[in-house]
Amino acid sequence: MVFTIVILFFMLIVLAFVTGLPRFAVRQITQMRLQTNESIYEYLERTGVFTRDQFERLPKRQVQVRSRDGLKLNGYVLELFPGSQRWMIIVHGYTVSLLASTQYIDVFRKAGFNIMLVDQRRHGGSEGDYTTYGYQEKYDVQAWVNWILENYGEESVIGLHGQSLGGGTVLEYLTIAHPNVRFVIADCPYSDLTELIRHQISKLNKLPAKPLLPLVDKLLHRKAGFRLHQVSPIKAVENSTLPVLFIHGTEDNYVPTYMSREMYQVKPEPKELLLVEGAVHANAYGINPKRYTEVVHAFIEKALGAEMPEATAYLPSI
């Protein structure tokens with residue numbers, strides 16, 4: 001009798017593991033609760049990289065495009081250098097919005113770029129039910145690239161900057177990159193979604209990757225329409241000759257630092273790697289904005305083969 005009860009109890013635990021944990025994991029991966037504007041502003045102001053007042057005073061224009069699967073995507077255009085053909089598209093990370101991207105505005109303003117801030121699908125003012133880590137988002141970036149070309153001319157020179165989820169997105173975009181996109185900057189990106197989820201299950205949550213990972217993969221396909229193996233930025237960079245700058249904090253355990261190191265190793269030239277000492281996930285710029293800016297500017301000069309123009313655009317000072 002006691003043995004039967006123990007067996008039933010064990011079976012209930014296994015059933016809960018098989019049914020409940022994968023559903024929870026997929027929700028966390030694709031539909032985690034989004035941060036509020038207040039929490040994003042609080043982080044930016046606490047770290048000293050940008051403020052609510054600066055954003056409100058920016059010379060900006062709200063724009064929208066449609067994704068290839070019919071979603072309304074939201075963004076802001078900062079035409080800091082009217083008539084200039086230089087454009088940066090800045091892509092934010094998971095659970096935040098384009099407000100988090102404002103911390104990089106001054107970096108690219110000083111390099112003479114007009115700027116487009118975009119909300120990834122399911123974030124900010126953009127529609128969508130699931131985050132797909134670049135599987136669909138790379139085509140959203142293409143929609144923004146096309147918008148710039150249609151509205152500011154076919155001679156536009158475009159760069160991409162992405163942080164975390166945005167870093168993975170802009171690297172996935174390398175597989176379909178438009179010729180007018182001349183370089184990519186990926187800050188704390190993941191190299192492979194399967195390996196990232198394996199790391200977060202086993203290392204961060206101390207759970208067995210088997211059988212949880214295969215169950216997550218199947219449910220992810222059923223719910224969000226893609227498989228883990230279909231998102232692998234390291235495969236994208238292996239076949240790209242576009243200049244890529246990888247940036248990562250040395251203390252990042254959420255998206256481990258070795259992922260950028262591995263991508264740098266397999267990426268053909270031109271490529272660069274900046275490791276920011278002491279930075280955890282997504283705070284490399286906040287830890288060392290001077291070094292971050294210097295490396296980014298030098299990378300852009302090399303990628304575009306021209307000296308940096310003098311930055312004279314209006315922008316509230318940080």
Side-chain angles (χ1 to χ4, degrees), residues 25 28-30 32-51 90-108 117 120 123-124 131 133-134 160-171 184-207 209 231 233-234 237 244-265 272-296 299 318:
Q28 291 297 98
I29 293 167
T30 65
M32 186 182 287
R33 180 179 296 180
L34 303 179
Q35 297 183 43
T36 65
N37 289 351
E38 289 297 325
S39 65
I40 297 171
Y41 281 129
E42 190 277 331
Y43 171 79
L44 294 173
E45 293 175 359
R46 174 165 44 86
T47 53
V49 293
F50 213 72
T51 68
I90 309 180
V91 188
H92 64 78
Y94 192 40
T95 77
V96 291
S97 72
L98 59 76
L99 293 178
S101 299
T102 59
Q103 62 186 297
Y104 302 110
I105 289 173
D106 210 41
V107 175
F108 298 111
L117 307 173
Q120 297 231 59
H123 294 74
T131 294
Y133 293 84
L160 305 178
H161 177 285
Q163 182 189 64
S164 190
L165 165 64
T169 295
V170 297
L171 292 178
V184 167
I185 301 169
D187 187 327
C188 57
Y190 41 89
S191 57
D192 182 86
L193 191 56
T194 302
E195 291 308 310
L196 176 65
I197 302 306
R198 189 193 313 277
H199 167 81
Q200 294 188 349
I201 289 173
S202 61
K203 301 296 185 183
L204 300 188
N205 293 287
K206 309 301 182 184
L207 294 170
V231 178
I234 194 167
V237 304
V244 174
L245 168 60
F246 302 96
I247 301 174
H248 225 113
T250 60
E251 303 303 314
D252 192 343
N253 191 39
Y254 187 74
V255 177
T257 312
Y258 73 78
M259 289 193 161
S260 279
R261 287 197 183 102
E262 287 180 345
M263 287 190 286
Y264 176 76
Q265 289 296 324
E272 293 189 29
L273 173 65
L274 169 63
L275 299 179
V276 179
E277 290 294 329
V280 294
H281 187 64
N283 82 329
Y285 180 68
I287 287 290
N288 197 338
K290 184 175 183 293
R291 177 64 176 156
Y292 194 108
T293 301
E294 289 172 349
V295 172
V296 166
F299 170 74
I318 291 180

By ring pair (Phe, Tyr, Trp, His ring centres under 6.0 Å) - contacts of His161 (at least two apart): Tyr104, Phe108

Sequence-distant partners of His281, ring pair (Phe, Tyr, Trp, His ring centres under 6.0 Å), two or more places apart: Tyr254

Residues which pass side chain to side chain contact (heavy atoms under 4.5 Å, CB included) with Tyr264, listed by chain and number, not counting sequence neighbours: Phe246, Lys271, Leu273

With sequence neighbours excluded, residues passing side chain to side chain donor-acceptor pair (under 3.5 Å) with [X]:
X	answer
Glu42	Arg46
Thr47	none
Thr95	Gln35
Thr36	Ser39

Could you pull out all residues at least two apart from [X] that satisfy salt bridge (Lys or Arg N to Asp or Glu O under 4.0 Å)?
X	answer
Arg33	none
Lys290	Glu294
Glu45	none
Glu195	Arg198

Pairwise side-chain contact, Met259 with Pro189, heavy-atom cut-off 4.5 Å (strictly under): no

Beyond-backbone contact of His248 with Val276, side-chain heavy atoms, under 4.5 angstrom: no

Least distance between heavy atoms, Val231 atom then Tyr133 atom: CG1-O, 3.2 Å

Donor-acceptor pair, side chain of Asn288 and main chain of Arg291, under 3.5 angstrom: yes

Polar side chain donor-acceptor pair, Asp187 to Tyr292, under 3.5 angstrom: yes

Contact list for residues 276-285, test salt bridge (charged side-chain N to carboxylate O under 4.0 Å, His left out), sequence neighbours left out: none

